[in-house]
Amino acid sequence: MKSPEQTRTERERMIEESIARRGITDTRLLDAFRAVPREVFVAPNLASAAYEDRPLGIGRGQTISQPYIVAATIEALALTGTERVLDVGTGSGYAAAILAKVAREVHSIERIEELAQAAETRLVSIGASNVHVHVGDGTLGLPDHAPFDAIAVAASGPVIPQALIDQLAIGGRLVMPVTSPEGVGQVLVRVHRVAEHAYEKEELGEVQFVPLLGAQGHRPGETAVVTAPRLARPGSFASAARIVREASEPLDDIDSASIAPLVERIASARIVMLGESTHGTSEFYRLRARITRELVTRHGFDFVAVEGDWPDAARVNDYVAHASAPHTRFPFTPFDRFPQWMWRNREVEGFVEWLREHNARSKGRGVGFFGLDLYSMYTSIGVVLRYLAEVDPHAAETARERYRRLLPRREDGIERLLPAPRRLAAAEDAVLANLRDLLQKRLEYAQLGPERYFDAAQNARVVASAERYYRAVYRGAAESWNLRDSHMFDTLRILLAHFGASSKAIVWAHNSHVGDARATEMRVRREHNIGQLARQAFGDVVRLVGFGTHHGTVAAADDWDEPMRVKNVRPGHPESYEHVMHEAGISAFVLGLRSPQRAAVREELTPARLFRAIGVVYRPETELASHYLEVVLPEQLDELIWVDETRAVTPLPELAKSELSKLPETYPFGL
Ligand code: SAH
C-alpha cells in the first residue's frame, strides 16, 4: 500500500508530466485533477497504476479513460463553472468527478447498470454531490434534463447522435470521438452551437475510445468485441494441468531433445513467428535459434526478422552475408541503445555465428537477418543521407534540408530528445517527400546495387513511421502501439516481397507482438499486433509460437534506460496459465494448441487466464498490474513452448561510451 503522501506525489507528477506539460493550462482544471483521487476509480488491484497516464480496465470490457484525454476533452468544453453538463459513458465515474469540480451540475449516463452503480458509490464516497448518475442509452441523451451547456462523450460512435445535438444549448459545446467510416481510426470532434441552426465543427486530433453502443451509436458486434474474456475459475486448474501433462511433448534437455514434431507442424507455413514471454531469458533465445536452424536448413526459410532496429540488424546481415564493403556506409555501433542486452548477448551471438557459417557453406542467396522496428530515426536518417551522397549528391542536399526539421531545438524544451509534437507534425510532409523521391528513383539509383537501394528505401520508411510514432506517443498508448506493430508488419511484407513469391519468413519478437491480440485484453484497448495482422492477411500459412516460464531469473531493467540487472522472476500467479503449466509437473515441453487436432486441450485452456509479459523492464512489486494480461491461450497461439525454470541471458560486455566511437565495424557487435 502506498502512503497518502506517496499518492499525492504521484498524482502531482501525473498532472505535471502528463497533463500540464502537454499544453493543458486551465488552472481550474488542473486543480480539479488535484482534488480527485483516481485510485478510488479503479479496481483495488490496479490502484498502484492509477497515476500512470493510460486507460485501465474497469470490468465488463470497459476502461477508465487516460487522464490526458479526460483533460483535453474537458478543456475543449471551455467551462467557466456555471454550466450544466451531460457526460455520456460514466464508466468508472472519474471524468464525471472531474467535471463536477469545474461545472455547476453534471448528469452522467451509462448503459451498463453494474458500472453505473459502482460509479455512483464512488462519487458519493468522495462527496461529489452535484453529479447525477443515470442508467440508459446515452446516444439518446437525457431529454428530461436538457438543454445542456456542454456535452462530453467518452465512447466513439459512427456519427454525432442527433439527439445530443438537439439537447445542446445555444452557445454550448459538445466533444465526442467519431469513428472513421472504415472503422479504423477515431477523431475527437468538437461542435459549437453558435445559433439555433448554426454549428461550428472542428477536429481536435486522433484518439482511441471504446465504442459507443446504442440506438444512434454502433450496434453491438458491429465493431470489435467489447467484452473482456471471462476468467477461468480456480477450480478448473487441476484438470487443465492434467490435460497439459497428457498432451505435451516433453523436452528433457532444451539444447538437445528432439523438436521434430514441433518443426513438422510449423515447417509448411510461410510465416513462423517465435515469441518470448521476456526479453531476457536464455532458454527462449536458445530454443528459437534451434527451431530457426531447422527451418532454415531443412525447410528453406529465407530470412529472420527480429524485433530490433533496421540499421542495426542490417549490420548483422552484412556480417552473415559476408558483404564485401559494408564500411563505406554510415558509421554507428549496432545495438548500443537501451536495451543493449536484448540483442547483444551470447545466445544471439552464437546464432549469428552459425548463420554466417551456414551462408558460407550454402550456394545461392543466403539467409538474411533484418530488423522490424522503428526506434532508429536518427541512425536511419544518417543511412539515407550517406546513401544519397553517393548516388545523387544534389538529392542528398534536399533530403538533408527536409530531415533537419526533425532535429530538436532549444524551444522544444531542454529535456526533449525529440521535437515537440507540433513541430513533428510540421515535419511530416518533408519526411514523406524524402521517401517518395527515393521510391521514384529506384531505377536511377541502380548503380550501387539493389541491396543498397533496398536498405536505403527501408530506412526512409523507418524515418516516416518513427515520425508518426513519436507524435502518437503524446496522444495515447494504443495508437502508438498500433503504429509500431503496423510498421513491423509492413516491413515483414516488404521483406517477403523482396525475397520473392515463394519466400518464407521467421519472426523473433515478444509474445505480446506475436500472439494474436484479438485473443487478449489488448483487443479491448483496440490494440493490434503483427501476429494478428499476419493471420488476417495471410490466413492459414501463419504459425504463432509462444514461450512461457514459471520462475527463475531474467535480464531486465528496473525502469526504462536503467542498467540491466539479473532479477528473480516470481512464481506464476495462481490464476495464470503459468500456474497451470507449472502444475503439469514437466520441466520443459512443447504443447500444440492448433485446432482441430487439439480439441480437448483447447477446450480445457479456453476460459481466459492471466499470462505474464516481461519486457525490457520488469517490476516484480507491481507484477499483477504491470505484467499480466488476460488472454485465451489457444486462440492467441498455435504452439506453446514451456520452460518451467529459466535463467537470464548472458549479456556481452557493456560498451563504454568512449569506446563506442573507435570500435572496428567488422563485427556486428563491435567486439
Ligand atoms: N468517462 C469514463 C470512461 C468510460 S469508457 C471514465 O472516466 O471512466 C466509456 C463508457 O461508455 C463505458 O463504460 C461504456 O459502457 C459506456 N457506453 C458505451 N455506449 C454507451 C451508451 N450508448 N450510453 C451510455 N454509455 C455508453
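Sequence positions, counted from 1, serve as the residue numbers for this chain.
Atom CZ of Arg602 sits in a crowded spot, with more than 12 heavy atoms from other residues, nucleotides or ligands closer than 6.0 Å. In this structure, Glu264 places its CD atom where only 12 or fewer heavy-atom neighbours from other residues, nucleotides or ligands lie under 6.0 Å away. Counting non-hydrogen atoms of neighbouring residues, nucleotides and ligands closer than 6.0 angstrom, the CZ atom of Arg436 exceeds 12 such neighbours.
Nearest heavy-atom pair across Pro311 and Asn459 is CG-OD1, 3.5 Å. Annotation for Leu374 and Ser465: closest pair CD2-CB, 4.0 Å, computed over non-hydrogen atoms.
Partners of Arg290 under the side-chain contact (heavy atoms from CB on, under 4.5 Å) rule, at least two apart in sequence or in another chain, are Ile259, Arg293. Residues satisfying the ring pair (Phe, Tyr, Trp, His ring centres under 6.0 Å) test with Tyr618, not counting sequence neighbours, are His627. For Leu439, the side-chain contact (heavy atoms from CB on, under 4.5 Å) criterion is met by Leu435, Tyr453, Ala457, Arg461, not counting sequence neighbours. For Thr549, the side-chain contact (heavy atoms from CB on, under 4.5 Å) test picks out Ser277, Phe284, Thr646, with sequence neighbours left out. Annotation: side-chain contact (heavy atoms from CB on, under 4.5 Å) contacts of Ala360 (sequence neighbours excluded): His322. When the side chain to side chain donor-acceptor pair (under 3.5 Å) test is applied to Ser502, no partner is found at least two apart in sequence or on another chain. Listed by chain and number, the residues in a ring pair (Phe, Tyr, Trp, His ring centres under 6.0 Å) with Tyr628 are His573 (sequence neighbours excluded). Legend: residues meeting side chain to side chain donor-acceptor pair (under 3.5 Å) with Ser376, ordered by chain and number and at least two apart, are Ser380. Residues satisfying the ring pair (Phe, Tyr, Trp, His ring centres under 6.0 Å) criterion with Phe499, sequence neighbours excluded, are Phe303, Phe370. For Asp302, there are no side chain to side chain donor-acceptor pair (under 3.5 Å) partners, not counting sequence neighbours. Applying the side chain to side chain donor-acceptor pair (under 3.5 Å) criterion to Ser282, with sequence neighbours excluded, gives Arg286, Glu347. Under the ring pair (Phe, Tyr, Trp, His ring centres under 6.0 Å) criterion, Trp508 pairs with Phe351, not counting sequence neighbours.
Looking only at atom types and distance, the side chain of Trp481 has no donor-acceptor partner in the side chain of Asn529 under 3.5 Å away. Side chains of His528 and Ser486: a donor-acceptor N/O pair is present below 3.5 angstrom, by distance only. Residues Thr491 and Gln458 have side chains that bring a donor and an acceptor to within less than 3.5 angstrom of each other. Tyr387 and Tyr445 are not linked by any side-chain donor-acceptor pair at a separation below 3.5 angstrom, with hydrogens and angles left out of the test.
With Gln186 contributing its side chain and Phe209 its backbone, the two residues share a donor-acceptor pair below 3.5 Å. Remark: the backbone N or O of Leu652 is not paired with any side-chain donor or acceptor of Arg346 at under 3.5 angstrom. Formation of a donor-acceptor pair under 3.5 Å by the Asn317 side chain with backbone atoms of Ala313 is not found in this model.
For an aromatic pair to be called close, the ring centres must be under 6.0 Å apart, and Phe454 with His498 satisfies this.
Here the side chains of Leu640 and Val590 are not in contact, with every heavy-atom distance at 4.5 Å or above. Counting only heavy atoms from C-beta outward, the side chains of Val631 and Tyr577 approach each other to under 4.5 Å. Annotation: side chain of Val431 is not in contact with side chain of Asp429 (no heavy-atom distance under 4.5 Å). Between Val320 and Val352 there is a side-chain heavy-atom pair separated by less than 4.5 Å. Under the 4.5 Å side-chain criterion, counting only non-hydrogen atoms from C-beta, Gln447 is not in contact with Glu390. Side-chain contact between Gln532 and Phe489 is absent, with no heavy atoms from C-beta onward closer than 4.5 Å. Using a 4.5 Å heavy-atom threshold, the side chains of Glu357 and Trp354 count as separate.
Ring orientation note: the planes of His513 and His510 are nearly perpendicular, at an angle over 60° on the 30°/60° scale.
A salt bridge links Asp638 with Arg535: the closest approach of a Lys/Arg side-chain nitrogen to an acidic carboxylate oxygen falls below 4.0 angstrom. Taking a cutoff of 4.0 Å between a charged side-chain nitrogen and a carboxylate oxygen, Glu283 and Arg647 do not qualify as a salt bridge. Checked for salt-bridge contact, Arg402 and Asp437 meet the test: a charged N lies under 4.0 Å from a carboxylate O.
Taking CZ of Arg265 as the reference point, atom CG of Leu593 lies at 9.0 Å (rounded to 0.5 Å). Within the model, atoms CE of Met522 and CD of Glu527 stand 5.0 Å from one another, a figure rounded to the nearest 0.5 Å. Atom-to-atom distance recorded for Met377:CE and Asp309:CG is 12.0 Å, nearest 0.5 angstrom. The distance from atom CZ of Arg526 to atom OG of Ser156, rounded to the nearest 0.5 Å, is 7.0 Å.
For the pair Arg337 and Tyr375, the NZ or CZ position fails the cation-pi test of under 6.0 Å to the six-membered ring centre and within 45 degrees of the ring normal.
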* To do: Give the intermediate values and the outcome of side-chain contact (heavy atoms from CB on, under 4.5 Å) for residues Val507 and Val272.
  => CA-CA 6 Å; Val507 171; Val272 170; over 6 Å; no
* **Stepwise salt bridge (charged side-chain N to carboxylate O under 4.0 Å, His left out) test for Glu635 and Arg523** => CA-CA 13 Å; Glu635 303 292 323; Arg523 173 176 201 154; over 6 Å; no
* For salt bridge (charged side-chain N to carboxylate O under 4.0 Å, His left out), just list the numbers for Glu349 and Arg344, CA-CA rounded to whole Å, side-chain angles, deciding distance to a tenth of an Å, and then say yes or no. => CA-CA 7 Å; Glu349 182 190 38; Arg344 258 176 195 283; over 6 Å; no
* Check the pair Trp560, Val616 against side-chain contact (heavy atoms from CB on, under 4.5 Å), reporting the backbone distance first and the verdict last. => CA-CA 8 Å; Trp560 199 257; Val616 291; 3.3 Å; yes
* Worked check of salt bridge (charged side-chain N to carboxylate O under 4.0 Å, His left out) between Glu451 and Arg365 -> CA-CA 12 Å; Glu451 295 301 324; Arg365 182 169 202 167; 3.5 Å; yes
* To do: For the pair Val463 and Asn434, evaluate side-chain contact (heavy atoms from CB on, under 4.5 Å) and give the outcome as yes or no after the intermediate values.
  => CA-CA 10 Å; Val463 180; Asn434 276 350; over 6 Å; no
* Verdict with reasoning, Arg543 to Met273, per side-chain contact (heavy atoms from CB on, under 4.5 Å) -> CA-CA 6 Å; Arg543 291 291 180 281; Met273 299 203 182; over 6 Å; no
